[in-house]
Amino acid sequence: MIDALPGFVQSRLFRFLVVGVGAALLLFVLSWLLVSLGLSPFVGSAAAYAIAFVVAYSAQRGWTFGGEHDHATALPRYLALQLGCAFFSGLVSHVAVAHFGLSPLAMSALTTVATSALSYVASSLWVFPARR
């Protein structure tokens with residue numbers, strides 16, 4: 001297990017997860033900071049989300065997927081994917097609670113894993129496909 005760790009740390013999946021966790025932390029800190037500085041919760045959180053979106057896109061494109069994708073194609077696809085993931089997240093959460101009776105903790109875990117998996121697969125195959 002420990003021998004496999006260096007290979008995983010160098011993998012695209014690891015970089016994807018690092019960027020995702022980093023973007024989530026950035027969103028958390030910025031939304032707290034902006035609202036604490038006096039912006040309304042809606043404006044502060046929306047501004048924080050926009051900043052985190054730009055940072056995440058830049059890091060996913062540049063670090064995770066090698067920076068070889070044209071912004072004119074990749075950025076609209078990334079935006080569409082993130083909107084789709086938001087919808088998918090809501091759908092999975094609803095089904096998990098309404099149809100399977102999952103607790104909020106289990107629902108959150110399932111939603112996070114399912115949405116992250118969808119985002120990784122779609123990013124790899126559609127937003128930032130491998131160049132041949």
Side-chain angles (χ1 to χ4, degrees):
M1 168 96 171
I2 293 176
D3 293 335
L5 190 58
F8 177 69
V9 169
Q10 296 174 5
S11 72
R12 184 169 50 181
L13 176 58
F14 178 78
R15 291 189 305 266
F16 182 85
L17 293 171
V18 168
V19 171
V21 169
L25 289 172
L26 179 63
L27 173 62
F28 178 85
V29 169
L30 285 177
S31 61
W32 169 81
L33 179 65
L34 293 173
V35 172
S36 295
L37 290 173
L39 290 177
S40 73
F42 180 84
V43 172
S45 294
Y49 192 90
I51 293 166
F53 174 88
V54 169
V55 169
Y57 167 76
S58 299
Q60 294 294 19
R61 181 185 170 272
W63 185 48
T64 303
F65 294 100
E68 54 191 30
H69 301 85
D70 182 39
H71 290 295
T73 302
L75 183 57
R77 287 181 178 186
Y78 188 78
L79 176 59
L81 172 60
Q82 293 310 309
L83 291 171
C85 283
F87 176 80
F88 180 72
S89 173
L91 180 64
V92 169
S93 296
H94 174 75
V95 169
V97 172
H99 296 285
F100 295 105
L102 269 58
S103 69
L105 179 62
M107 177 227 42
S108 296
L110 175 64
T111 300
T112 299
V113 170
T115 305
S116 297
L118 173 64
S119 182
Y120 180 72
V121 170
S123 290
S124 298
L125 299 176
W126 183 57
V127 178
F128 307 109
R131 302 289 185 177
R132 306 225 190 280

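Heavy-atom basis, side chains included; hydrogens, waters and symmetry copies ignored. One is the number of the first residue; the rest follow in order along the sequence.
F128 is connected to L83 through a chain of hydrophobic side-chain contacts under 4.5 Å among Ile, Leu, Val, Met, Phe, Trp and Tyr, so both are in one cluster. At a threshold of 4.5 Å between side-chain heavy atoms, the hydrophobic network of Ile, Leu, Val, Met, Phe, Trp and Tyr places W126 and F65 in one connected group. Hydrophobic cluster membership differs between V35 and F53, with clusters built from Ile, Leu, Val, Met, Phe, Trp and Tyr side chains linked at under 4.5 angstrom. In the hydrophobic cluster analysis, where Ile, Leu, Val, Met, Phe, Trp and Tyr join through side-chain heavy atoms closer than 4.5 angstrom, L102 is grouped together with F88. V113 and L118 end up in different hydrophobic clusters when Ile, Leu, Val, Met, Phe, Trp and Tyr side chains are linked at under 4.5 Å.
With sequence neighbours left out, S40 forms a side chain to side chain donor-acceptor pair (under 3.5 Å) with no residue at all. Annotation: ring-ring contact (aromatic ring centres under 6.0 Å, His included) contacts of Y57 (sequence neighbours excluded): H71, Y78.
Looking at S11, its side chain does come within 3.5 Å of a backbone N or O of F8 through a donor-acceptor pair. With hydrogens and angles ignored, the 3.5 Å screen pairs a side-chain donor or acceptor of R15 with a backbone N or O of Q10. Between the side chain of S89 and the main chain of C85, no donor-acceptor pair closer than 3.5 Å is present. In this structure, the side chain of S45 does not engage the main chain of F42 through any donor-acceptor pair within 3.5 Å. For the pair S119 (side chain) and T115 (backbone), a donor-acceptor distance under 3.5 Å is absent.
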* Would you sort out whether V95 and L91 count as a side chain to side chain contact (heavy atoms under 4.5 Å, CB included), showing the intermediate values? => CA-CA 6 Å; V95 169; L91 180 64; 4.3 Å; yes
* Stepwise side chain to side chain contact (heavy atoms under 4.5 Å, CB included) test for W63 and V18 -> CA-CA 10 Å; W63 185 48; V18 168; 3.9 Å; yes
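In this structure, Y120 and R12 have side chains that are in contact, with non-hydrogen atoms separated by less than 4.5 Å. Proximity of V21 to L25: side-chain heavy atoms (C-beta onward) are separated by under 4.5 Å at one or more points.
Heavy-atom neighbours of L105 CG from other residues, nucleotides or ligands within 6.0 Å: at or below the threshold of 12.
Membership of the apolar cluster around I51 extends to L26, L30, V55, as traced through chained side-chain contacts below 4.5 Å between ILVMFWY residues.
Scanning all heavy atoms of the two residues, the minimum distance from A48 to L34 falls at N-CD1, 4.0 Å. Among all heavy-atom pairs drawn from A96 and M107, the shortest one is CB-CG, 4.0 Å.
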